[in-house]
Amino acid sequence: MAEITISLPDGSQRSLPAGATATTLAESIGSRLAKAAVAAVVDGEERDLGAPLAGGQQVAIVTADSEAGRHVLRHSTAHVMAQAVTQLFPGAKFSIGPAIADGFYYDFDLPGGRTFTEADLADIEARMRDIIKADQPFVRDELAAADALRLFADQPYKCEIIQRVSSGAADSDDAAELGNAETISIYRNTPEFVDLCRGPHVPSTGRLGHFKLMKVAGAYWRGNEKGPMLQRIYGTAWESKAALDQHLHRLEEAEKRDHRKLAVELDLLSFPQQLGGGLAVWHPKGGIVRKLMEDYSRERHLNGGYQFVFTPHLANGNLFETSGHLSWYKDGMYPPMEMDNGTYYPKPMNCPMHCLIFDSRQRSYRELPLRLFELGTVYRYERAGTLHGLMRIRGFTQDDSHIYCTEEQLQDEIISLLDFVMSVLRAFGFTDFTANLSTKDPQKYVGTDENWERATEALRMSLEKYDLDYKIKEGDAAFYGPKIDIDVKDAIGRTWQLSTIQCDFNLPERFGLEYVGADNNRHRPIMLHRALFGSIERFFGVLIEHYAGAFPTWLAPLQARVLPVAEAHQHYAEEVMARLHQEGLRVDLAEANDQLGKRIRAAKMEKIPYVLVVGDDDVAVGTLGVNPRGGEVERGVALDEFVRRVVDEVRAQLAVV
RNA sequence: GCCGGGUUAGCUCAGUUGGCAGAGCAACGCUCUUGUAAAGCGUAGGUCGAGGGUUCGAAUCCCUCACCCGGCUCCA
């Protein structure tokens, strides 16, 4: 019998009978592998397990518990969902259904403009379980575009995809369905249900099952807001029940950290309906945290060679004509106010005003780099549907800096900015950083290509020199220049985009900014835009989620609460509080009106770092019972000792720069 | 802006077919004087998001608007 030889990832070789498939290969290696297998990578390309192998090929088995394996599971589960929906909703059109991070979705167009309800999800899920139980095979077939068009004649979205792919105009959405194959590949589950797909898929639906449909949403066809709106169902799918449960548990944990919920519970801030959408008021407890954040930021900026400036909330529209904001972002600006001497707008950015400060007198090269810093409040008319707690808000304060420098200074300045930004972020408990480099959007930019290239190159070289991991985001730049965004990873592994460093050759030109060089000639400075927290509001929201509301001692609204065991200890408790206030600590006192246990519980729910209990023993010798957040109760701690510990703790938290 | 779901006491949430507005926690008062995560009793708290409509009667059905939530689109 003829044999073929296959190379495995570990370099070993294996002989198999001719006509063998990846399934045969997996079985020959071990039954556990065969059970976990969902697809194969053959000579670098993902294939179905059932595809025949040829001699000399490199083959790796993809198991369900790998990222690639889960991707296959999710994509296959999406097909099952599409089949369930087409069965339950005759006449439903289906468009695309890719695997995404943690799950999958599928977009549908239901007859008569019908929309899904949450209740439909249970029915669809039940039908999906039937399909999985039936263990339908995923049968791949390839056909010519004309045949595919005939097959999907009653599926307009599929036809659109086939036409785009066969005419070579496929985009990334299409590619998810079909790749860029010359022939159209399809997967058939039943004589009735067939879907366009590049694959690979699991051999049969029986391999699926650890999934859950999560939510319904509207989604524009091909992301085009002028196009039809489809009905999207999101689901999640995993290799095992344990993995699915773990994922659902993670979601619950994330929900507990929701800053909107915690902001109410901890009395930090609110969004009163009377104020209008996307506008927040800071309550005293949120206010003190914000003050601490800002004080720390100001101190660091002062030490970092920044100069403080202040600019008004309104500006004449001419200013934003000059900057270009009105031509690019008019829709995102609050509407104008007509006044005696012109049209005024609430400012959406601080940079134009900082340019005016630069331009207020003649500048010398000796002044550069000139670093202007402002906690500048801006207003942006975010569309109603995009508002989201503190993360997307209409009035917010940027910790905004604009640095004017020479071309020679540019790279060092960017590198020192990277250093400065991450150093400040470390004080807030972030240690894991990555970067994105956003390049020119060919549809939306000002300035010359040459300037864009120089700016992009300066940013790229700085990242290389600083040795920070980064990805390129094509076309994601601001209209005036390319940028580096710094992402941080939070306590539960989510990433948040925080800081931004933007290189700008264009605004200095638009504002005609100049300095006198050592050669006594006039030169144009380069401008760096830099926001560190980004928006104070948003950064605060990220901090709430990162710490789950339990701010580190240096940042906690209240650092300690003194609890007298009984009324008799009230006087001593007041003395303790007075002493701690003297030391600059933020402390309050809960009188003995309620039982001790109840007051402790309340303090714990408020996530106060230290609960200090004082009773007879303490009054006698000047001590405290110290109940730290997340730690063990310690009795008989001397007051001086406690002060020393807290002061040391705060110093250590801020010494991470 | 678009699609879908919501809004009842400070918070979390019940409220049947359209028929007297409810609970727990919190607040306040009294009793208890307490040693490490919820003492007991009592009191008060509401234009049921706003406005309009249907109806003998609307928290409940219909319309408009505001705000919130999940997505899409957008994000200087």
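Quick note on labels: first sequence line is chain A, next is B, and so on, each numbered from 1. Since this is a predicted model, take the numbers as computed values, not measurements.
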Report yes if at least one side-chain N or O of A:Gln595 is closer than 4.0 Å to OP1 or OP2 of B:A39; otherwise report no. yes
Paired with B:G29 by Watson-Crick or G-U wobble geometry, both distances under 3.5 Å: which nucleotide is it?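 Check on B:G29: paired to B:C41, both distances under 3.5 Å.
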Interatomic distance at [atom1], [N] relative to [M], whole Å:
N	M	atom1	answer
B:U7	B:G51	C1'	15 Å
B:A26	B:A44	C1'	13 Å
B:U17	B:C13	C1'	23 Å

Does A:Asp616 get its side chain close enough to the base of B:G35, under 3.5 Å, for a donor-acceptor pair?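 There is none.
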Using only modelled atom types and a 3.5 angstrom limit, is any donor from either the side chain of A:Arg383 or the base of B:C72 paired with an acceptor on the other? no
Students often get this wrong, so: under 4.0 angstrom with heavy atoms, is [X] touching a base, only sugar-phosphate, or nothing?
X	result
A:Arg392	base
A:Gly636	nothing
A:Lys604	base
A:Gly481	nothing

How many whole angstroms separate atom CD of A:Glu225 from atom P of B:C72?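 These atoms are roughly 13 Å apart.
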